Amino acid sequence: MAEPLRVRFAPSPTGSLHVGHAHTALFNWLFARHHGGTFILRIEDTDEVRSTEESIRAIYDGLRWLGLDWDEGPDVGGPHAPYIQSQRLDLYEEQYRRLLESGRAYDCYCSPEELEERREIMRARGLPPRYDNRCRSLTDEQRAAFEAEGRKPAIRFRMKDHGNTVIHDLLRGDVPYDNSLIGDIIIRKTSGFPTYHFSVVVDDHLMEVTHVVRGEDHISNTVPHLQLIEALGFEPPKHAHLGLLMGLDRTKLSSRHGATDLAAYREMGFLPQAMVNFLALLGWSTGTEDEIVSLREIVAGFDLDRVSRAPSVFDFGKCEFINGQHIRTAPIDQLIDIAHPILAKAGLLETDLSPARREWLGKVIDLMRDRMRTVAVLTSWARYFFTDDYEYEERARDKWLRRPETPGTLDALANDLAALESWTAESTEAGVRAVAESLGIGGGKAIHPCRAAVTGTTVGPSLFHLLELLPQETVASRLRRTAELCRSGALAEPGPVAEP
RNA sequence: GGGCCCAUAGUCUAGUGGUUAGGACUCCGCUCUUUCAAGGCGGCAGCGCGGGUUCGAGCCCCGCUGGGCCUACCA
């Protein structure tokens, strides 16, 4: 019988939710969901100076957006509440006491400045900058002297001096570390807050975490963790260290590589199901040739045995591609909900949409969705749906608007289309083709200038379907306006044209 | 500097001793279409290097190289 699997995502709320964190959260969540286990959210706000409420909100928002729900956590509670470490200080005190009593921990009076200074000296000498364990055996006189100076001690954990500690990693096998290389670590800061190394060990135990799945940057931290676990008499969890996410230059992904905040992707018009799909493919593979998959499908196929050890580069281009694929199949209401604020922010759409307007927006999106990779491109690609104030692209002017016969064609188009009884894709097509015929030109000779005039561009969805979504009089006036500009020679010059 | 991790095309990956090394992104070409930024078709491009083990290595072992992470009273 399998033990109930319990995993956690334990971010520190010191900034926005990074895609790397989202990746770790996702893998933990998938692991839990695949095996019917429990996914815990724990906030590790033991950095008193950098932790913020705002950041905690960003974590909630990001996880919820991705659809990663947690079974136990700060807001939902659970059998091991509280799930915020700053509210668990008394629990840590209990454990410090045990370590102090057993002699595995001791007070250290060295100040951060002194420590830094000594590290510098050691580095300068080419020595490993580790703590020299000097406070391990302080005499009563020395302690008294430090106390008299007004020093407040930190608590250090006495690491083993000899032998080695072996990490049993589910992904990497056994990883041995030489104990003599690591100095004693601080487990309680002078402020009374625990350091990460301590709180993580205590809480993983108290919360009965069975599997610790985290980034590879934590692999060497596992050595003190394991020793702490042993000293406290806890049962060690199983470990799995995931490959890190990197930028194109193969260094740890950071803001200099572009957008790294999950929220930024949301704002750019990425779909949560696409982000999940893309992130899942970083270090995991479906095992089939199908890469565009839903969260449900990922859950069904996910397991650690398909997870790779190697770090992976966050390829923005592929992320966009996957997003594009999901845009094709997303429910139109989801796309409307994403597009609306983006378009409103760009000043192209009102903040409050009437039902009719919303329906119209849905049609616009439907027309564009097959070629979009992010929803945000609507502000440029579909600009002409929302305003008369669009630019005539160089290519549109070059190819069509500078031709001597174009103004005449546009005038004819304006007159005939304005006179149309009905305004549908069918009727506009009939109208445009009729104009072409009466002018004795091919359909394309009318269609292309029409598109160039009405949209300012040479590319886009079916002309007649887009005309259908524009008011008839708007189309007519744009055709006339463009014809005027052609005649005045304004479109003959390169560069953007200021629109009325 | 030290310790550890990693290594299939530019990128994400499949592959667990015998494969024409498979797929995806990107890029390029062709094609369809009223246009492409979509679709279809095709193409370029890969097992980092050197030793072993083996009848036979992308797969196993060793070394090298390269990259990464850690080396805080940050997590």
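So you know, we letter chains A, B, ... as the sequences are listed, proteins then strands, and number each from 1. What you see is a predicted model; the values in this text were computed from it and never measured.
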Could you give the distance separating B:G15 and B:C59 at their P atoms, to the nearest angstrom?
15 Å
Before we go on, tell me: are the rings of A:H225 and A:Y196 under 6.0 Å apart, centre to centre?
yes
Aromatic ring centroids of A:Y131 and A:Y106 under 6.0 Å?
no
Which is true for A:R451 with a 4.0 Å heavy-atom rule: it touches a base, it touches only sugar-phosphate, or it touches nothing?
base
Pair A:D178-A:S180, side-chain donor/acceptor within less than 3.5 Å
yes
Please confirm whether any donor atom in the side chain of A:N221 sits under 3.5 Å from an acceptor in the base of B:A75, or the reverse.
yes
Verify the distance criterion only: is there a donor paired with an acceptor across the side chains of A:N323 and A:T374 at less than 3.5 Å?
no
For A:T251, does its backbone N or O pair with a side-chain atom of A:D249 as donor and acceptor, under 3.5 Å?
yes
Mind checking A:C108 for me? I need base, sugar-phosphate or nothing, with any heavy atom below 4.0 Å counting as a touch.
nothing
Looking only at the side chains, is there a donor atom on one of A:Q334 and A:Q273 sitting less than 3.5 Å from an acceptor on the other?
yes
More 5' along RNA chain B: A:I219 or A:W381, using each one's nearest nucleotide?
A:I219
Watson-Crick or G-U wobble mate for B:C4, both contacts under 3.5 Å
B:G68
Counting any heavy atom closer than 4.0 Å, what does A:D217 reach on the DNA or RNA strands: base, sugar-phosphate only, or nothing?
sugar-phosphate
Across every strand shown, the nucleotide meeting Watson-Crick or G-U wobble geometry with B:U16 (both distances under 3.5 Å) is none
Is a donor-acceptor contact shorter than 3.5 angstrom present between the side chain of A:S220 and the base of B:U71?
no
Does A:T190 reach a base, just sugar-phosphate, or nothing at all? Heavy atoms under 4.0 Å.
base
Using purine N1 to pyrimidine N3 plus N6-O4 or O6-N4 for Watson-Crick, or N1-O2 and O6-N3 for G-U wobble, each under 3.5 Å, what pairs with B:G63?
B:C49
Identify whether any heavy atom of A:P128 sits under 4.0 Å from a base atom; if not, whether one sits that close to sugar-phosphate; answer base, sugar-phosphate or nothing.
base
Any N/O pairs under 3.5 Å between the protein and nucleotides 61-66 of chain B? List them or say none.
none

Under 4.0 Å, heavy atoms only, any strand: does A:T288 hit a base, just the sugar-phosphate, or nothing?
nothing
Given RNA chain B, 5'-ward residue of the pair A:R119 and A:G126, judged by closest heavy atom:
A:G126
Determine the contact category for A:R328: base if any of its heavy atoms lies under 4.0 Å from a base atom, sugar-phosphate if only primed atoms, P, OP1 or OP2 are that close, otherwise nothing.
sugar-phosphate
What's A:P176 touching, base or sugar-phosphate or nothing? Going by heavy atoms closer than 4.0 Å.
sugar-phosphate
Applying a 3.5 Å limit to both distances, which nucleotide forms a Watson-Crick or G-U wobble pair with B:U34?
none
Let's test your reading of the model: under 3.5 Å, does the base of B:C6 pair with the side chain of A:R309 as donor and acceptor?
no
Among the candidates B:A7, B:C4, B:C74, find the nucleotide nearest to the side-chain atoms of A:Y177.
B:C4
What contact category does A:E44 fall into here, base, sugar-phosphate, or nothing, at under 4.0 angstrom with non-hydrogen atoms?
sugar-phosphate
Given the options A:R134, A:R130, A:R158, A:R136, A:D184 meets salt bridge (charged side-chain N to carboxylate O under 4.0 Å, His left out) only with A:R136
Protein N or O to nucleotides 25-27 of chain B N or O, pairs below 3.5 Å:
residue: B:C25; atom: O2'; partner: A:K318; partner atom: N; Å: 3.4
residue: B:U26; atom: OP1; partner: A:R373; partner atom: NH1; Å: 3.0
residue: B:U26; atom: OP1; partner: A:R373; partner atom: NH2; Å: 2.7

Can you confirm if the aromatic rings of A:F314 and A:H257 lie within a centre distance of less than 6.0 Å?
no
Before we go on, tell me: are the rings of A:F302 and A:F27 under 6.0 Å apart, centre to centre?
yes
Report which part of the nucleic acid A:S312 touches: base, sugar-phosphate, or nothing (heavy-atom distance under 4.0 Å, all strands).
sugar-phosphate
Could you measure between the two P atoms, the one in B:C25 and the one in B:C41, and give it in whole Å?
11 Å
Do any N or O atoms from the side chain of A:S51 and from the backbone of A:E48 form a donor-acceptor pair under 3.5 angstrom?
no
